[in-house]
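The figures that follow rest on heavy atoms only: side chains count, while hydrogens, waters and symmetry mates do not. Proteins come first, then strands; the chains are lettered A, B, ... in the order of their sequence lines, and each starts at number 1.
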Amino acid sequence: MLDPRAFRQDLNETATILKRRGVILDVDKIASLEAERKALQVKTEQLQSERTTRSKAIGQAKAKGEDIQPLLDAVANLGQSLDEAKASLVDVQQKLNDYLAGVPNLPHESVPDGESEDDNVELSKWGNPKSYDFEVKDHVDLGALHGMDFEKAAKITGSRFVTLAGPMARLQRALAQFMLDMHSQEHGYTEVYVPLMVNAQSLYGTGQLPKFEEDLFKTQNDFGYYLIPTAEVPVTNMVRDQILSEQELPVKYVAHTPCFRSEAGSAGRDTRGLIRQHQFEKVELVQIVRPEDSYDALEALTGHAETILQKLELPYRKVVLCAGDIGFSSAKTYDLEVWLPAQNTYREISSCSNFEAFQARRLQVRWRKPEQKKPELANTVNGSGLAVGRTLVGLIENHQQKDGSIVIPDALRPYMGVDVIKACD
RNA sequence: GGAGAAAUGGCCGAGCGGCUGAAGGCGCUCCCCUGCUAAGGGAGUAUGGGGGAUGACCUCAUCGAGGGUUCGAAUCCCUCUUUCUCCGCCA
């Protein structure tokens, strides 16, 4: 949610900035709803004030034993007017809120112009894609040699799921473990364990609702809980409705969770392999920071994710998303893309965003700024560090050998227990 | 799953339907006093919103959440949520 003032006082400027994202703000509609809201709110509050005053007078008169009937008669119609005014106000506020809740965050000024992912700007590259003196296998063929099975998963559940057995299962666990240890021990994050099902309010807080319900899995029982699409939701909501002290910031959390996405609208995309699944593992980094620190935090957090790729000796590039491609709640996003030799291209493996106060406003996460009386909204920054499934893909594809064996990078060996996943049979 | 109890400000804890945004205590901030410390005295100390110039000031909402009764609700009624105790079940 944007600051309501952006719509009251700087409406045209806000519309101009949103246009960079390809969002056309209905300025006239907002302005008229806003005018209506103001008039109704003032009227309602006047009526309420009058009611309070008169009610107190009745109480006092009664205490003195005076006849209160004339006073009661005087307020006879007040209740109805108040109810009417209140109802209109609620109605207008609802309309306004429904509209504004669907407005995305403003892109930061450093975000490049552009309409789609084709306009994203590559900022840096790390590592050199190896050249192979044999025909590289993609992760599906390679994984099949070591315990990755999509058909079994299709039998158990359906498409876009996988089973892992033996070395592949262990590799996924090793990767998650390695990432958690790096972030919690080297990068200063506190490891957290969170619910994998959340209520609607949590999803509203981080911005997945109300707009993107179709991307989510929802339970059908009375609870109506949703499976988390990312740990960002439960982890960020840990601080919902809190006022944090200066010393508590920055809050830095890391969590490893499965993520569930319906991938509605992705029919036909990435149908082969592990790239786009309904269920996948991810290690997520979340920071709650002071507003003035959030862009530094974004750089640092992105660096933490990059460290993982570097330790795993995986070539990647860093891309800044253009205004037209950044996510709904984000003001600025970096994507990290790992090199996949079989696809001969870079594929997203991490997405790191600064949401500024957009989520914090919905979540009511604030902090006590010493130099001002009122609490101030904090900023939230998060990113994948990394998507574990895709990391597994990157790892086996990049470190494969001619015979189908996979070399485990040094950093991961303590977690894998072996130097090489041997070619079986 | 069954039976009971509870939910009030940073914390503890009062609160006959009207003078309670809320006593009292603790904590915290500032001031006074004391050579320092401790003790003592005084003042202040919730959050969100609206109007107004992002001023003075005015005003509304909030006592777990949502409804209701009433001229008026922290206080009465209903629903829900959470917590605690006991029983059952269970990884």
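Distance from the side chain of A:Lys374 is smallest for B:G49 among the nucleotides B:G49, B:C71, B:U47. For A:Val42, the side-chain atoms get nearest to B:G51 when compared with the rest of B:G49, B:U47, B:G51. The side chain of A:Ile58 sits closest to B:G18 out of B:G49, B:U47, B:G18.
Within the nucleic acid shown, A:Arg368 comes within 4.0 Å of sugar-phosphate atoms alone, with no base atom in reach, counting heavy atoms only. Contact annotation for A:Arg5: no contact, since no heavy-atom pair falls under 4.0 Å across all strands. Residue contacts for A:Pro375: at a heavy-atom cut-off of 4.0 Å it reaches the sugar-phosphate backbone alone, with no base atom in range.
When the P atom of B:G72 is taken as reference, atom CG of A:Asp83 falls 9 Å away, rounded to whole Å. Rounded to whole angstrom, the span from the NZ atom of A:Lys86 across to the C1' atom of B:G68 amounts to 13 Å.
Below the 3.5 angstrom threshold, one finds a donor paired with an acceptor across the side chain of A:Lys62 and the base of B:G18.
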Close N or O pairs between protein and nucleotides 56-65 of chain B (under 3.5 Å):
| unit_1 | atom_1 | unit_2 | atom_2 | d |
| --- | --- | --- | --- | --- |
| B:U59 | O3' | A:Ser49 | OG | 3.4 |
| B:C60 | OP1 | A:Ser49 | OG | 3.3 |
| B:C60 | O3' | A:Gln48 | OE1 | 3.4 |
| B:C60 | O2' | A:Gln48 | OE1 | 3.1 |

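Counting heavy atoms of neighbouring residues, nucleotides and ligands inside a 6.0 Å radius, atom NZ of A:Lys369 exceeds 12 of them.
Note: A:Tyr189 and A:His187 have perpendicular aromatic rings, judged against thresholds of 30 and 60 degrees for the angle between ring planes.
The same atom, C1', is picked in B:C31 and in B:U85; the two are 48 Å apart, to the nearest Å.
Checking A:Glu84 against A:Gln80 by side-chain atom types alone, a donor-acceptor pair falls below 3.5 Å. In the model, A:Thr257 has no side-chain atom that pairs as donor or acceptor with a side-chain atom of A:Lys282 under 3.5 Å.
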The test is side-chain hydrogen bond (donor to acceptor under 3.5 Å, both in side chains); show your working for A:Glu213 and A:Tyr226 and say whether it passes. CA-CA 9 Å; A:Glu213 175 150 29; A:Tyr226 296 83; 2.6 Å; yes
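Sequence neighbours left out, the pairs with a member in residues 99-111 of chain A that pass side-chain hydrogen bond (donor to acceptor under 3.5 Å, both in side chains) are A:His108-A:Ser110, A:Ser110-A:Lys332.
Contact annotation: A:Arg54 does not reach the phosphate of B:U70 (side-chain N/O to OP1 or OP2, under 4.0 Å). Between A:Lys38 and B:G52 there is a side-chain polar atom (N or O) within less than 4.0 angstrom of OP1 or OP2.
Every residue two or more places apart in sequence or in another chain that forms a ring-ring contact (aromatic ring centres under 6.0 Å, His included) with A:His278 is listed here: A:Phe161, A:Phe217.
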